[in-house]
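Proteins come first, then strands; the chains are lettered A, B, ... in the order of their sequence lines, and each starts at number 1.
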There are 2 protein chains.
Amino acid sequence: MIEELQTADGENGRPFSTEQELVQRFHVSRAPVRQALKELADEGYVYRERAKGTFPVQELPVRPPGLELGGLVGFLRDQGLDCTSKIVDTDRVLPTENLCAILGLKPGDHVLKISRLILLAEKPLVWAQSYLSVSEDFQPNKRELERVDSVFLLLGSEQGIVISRGDHQIYASGANREEAELLGIKNGDPVLVIETKLYTRNNRLIGWRRAVHRADEYKFSFTANR
Amino acid sequence: MIEELQTADGENGRPFSTEQELVQRFHVSRAPVRQALKELADEGYVYRERAKGTFPVQELPVRPPGLELGGLVGFLRDQGLDCTSKIVDTDRVLPTENLCAILGLKPGDHVLKISRLILLAEKPLVWAQSYLSVSEDFQPNKRELERVDSVFLLLGSEQGIVISRGDHQIYASGANREEAELLGIKNGDPVLVIETKLYTRNNRLIGWRRAVHRADEYKFSFTANR
DNA sequence: CAGTGGTCTAGACCACGTA
DNA sequence: ACGTGGTCTAGACCACTGT
């Protein structure tokens, strides 16, 4: 029902449309109409006011990127940008003490490390390192990883593990030597760091990700409602 | 109904609770139960799988801050932190050319400028400048602004204007002279900048905000589902 | 197969703005 | 007084998962 409503409301567009009208127009009961309107409201296409009505939100030109987990390359490419990614390194490694603490691992546990450089027009944009606490038989090679552009998709299809939530920390910092070298900037230049704890649907902490972004030319955009 | 469910599900807690059980336990029909469960799922307290059941998400200790619009001081204070704010400056001003373009203003229109410094334990943490395209009769003084900790609350109570959405851009940069001075850091030190376009419920672009955060000691945290 | 959540019907009453 | 969205009742059928 929601799909029909989206198109239909796009057509007649601006003025408004009450639940009653939609019930009659689509010959359905009130429940699906309400659900559809609820979803449209949640997504920011309309806003609703009790006793007043439902009003379309005007001129939302493009849907903002939002905060996808591990879909940056695909997103940028969808925008028509020349975005590629290159696996710097991937291996099963012993986590550092710090990482053990974050992920609650025992010393001796191994994690899958994936270090990836995302390039925009051949120029380094982001250096992302993911550490995943997953079974040993999930060890994709470089070629596979570069093909899918995100480990998380592979995790879903091969292991049935869905990353459903991320706790993000964003901060600015100065690039250290390694970061500067990979990103092609100078030591101490400002960088934007996003660190994310990754959770599955049942809230199991399954990994951690650290993404270092070039400060110039990169702005991280998203929309927050409410 | 949702409130009862939250407490009730907190009690019996871990195992699970089907819609049917809740219907019987609370002597209500399925609709409100479903709505309540939907909300709990949206907020990340439970996750639901078709034909399997509803499962509580384990150990969500504190609700993450999220991206409140203009509630930072209050939020930090709620955490028990010594957070205060100081109005650096407030006035009706002529927007710069750049700001005119962003807000779609005509030259000659005035905007309300509010420059505020947020301090954590007496030390500068964030410098936030808000520019609001609002009626002339809304001109709160410094005292009022410092009392409420956010212009947005005043906007709601005095003008009935609700800020319901923000388009954020986050990036790292080096502090310029003015920023460095206000934040007590050195010129060129990394800072985290959050620029936000502010929208009302009917999607009218009503203002713009630029917040410059000290890079050290400050991490911007939030949670993204899906 | 029985049980789950996802969707739907066809009603009902309420709180709240607008006129 | 009327129309709006918010909430609720009491049913129904379906797709899917587990046994």
Exercise for the section: Please name all residues satisfying side chain to side chain contact (heavy atoms under 4.5 Å, CB included) with A:Leu205, sequence neighbours left out, ordered by chain then number. Expected result: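 Per chain and number, A:Leu205 pairs via side chain to side chain contact (heavy atoms under 4.5 Å, CB included) with A:Leu103, A:Lys197, A:Tyr199.
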
Problem - Derivation of the side-chain hydrogen bond (donor to acceptor under 3.5 Å, both in side chains) call for B:Glu39 and B:Tyr45 - result: CA-CA 9 Å; B:Glu39 288 178 36; B:Tyr45 291 104; over 6 Å; no

Exercise for the section: Tell me which of B:Gln20 and B:Arg34 sits closer to the 5' end of DNA chain C, going by the nucleotide each one is nearest to. Expected result: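 It is B:Gln20 whose nearest nucleotide is closer to the 5' end.
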
Check the distance between [N]'s [atom2] and [X]'s [atom1] and give it to me in whole angstrom.
{"X": "B:Glu49", "N": "C:dG3", "atom1": "CD", "atom2": "C1'", "result": "15 Å"}
{"X": "A:Lys38", "N": "D:dC8", "atom1": "NZ", "atom2": "C1'", "result": "16 Å"}
{"X": "B:Arg48", "N": "C:dT7", "atom1": "CZ", "atom2": "C1'", "result": "12 Å"}
{"X": "B:Glu19", "N": "D:dG11", "atom1": "CD", "atom2": "C1'", "result": "15 Å"}
{"X": "A:Leu37", "N": "D:dG5", "atom1": "CG", "atom2": "C1'", "result": "10 Å"}
{"X": "B:Phe55", "N": "C:dG5", "atom1": "CZ", "atom2": "C1'", "result": "11 Å"}
{"X": "A:Phe26", "N": "C:dT9", "atom1": "CZ", "atom2": "C1'", "result": "17 Å"}
{"X": "A:His27", "N": "C:dT7", "atom1": "NE2", "atom2": "P", "result": "22 Å"}

Is the phosphate of [N], meaning OP1 or OP2, less than 4.0 Å from a side-chain N or O of [X]?
{"X": "B:Gln35", "N": "D:dT7", "value": "yes"}
{"X": "A:Lys52", "N": "C:dT18", "value": "yes"}
{"X": "B:Thr54", "N": "C:dG5", "value": "yes"}
{"X": "B:Thr18", "N": "C:dT4", "value": "yes"}

Sequence neighbours left out, what passes salt bridge (charged side-chain N to carboxylate O under 4.0 Å, His left out) with [X]? Give chain and number order.
{"X": "B:Lys52", "value": "B:Glu49"}
{"X": "B:Lys142", "value": "none"}
{"X": "B:Arg30", "value": "B:Glu19"}

Problem - Pairs where residues 91-113 of chain B contributes a residue and the test side-chain hydrogen bond (donor to acceptor under 3.5 Å, both in side chains) is met, not counting sequence neighbours - result: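 Qualifying pairs: none.
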
Pairs under 3.5 angstrom, nitrogen or oxygen only, protein versus nucleotides 13-16 of chain D, please.
unit_1: D:dA15; atom_1: O4'; unit_2: B:Arg50; atom_2: NH2; d: 3.3

Handout entry: CA sep, side-chain torsions, deciding dist, call: A:Phe152, A:Leu198, side chain to side chain contact (heavy atoms under 4.5 Å, CB included)
Key = CA-CA 10 Å; A:Phe152 304 141; A:Leu198 302 161; 3.7 Å; yes

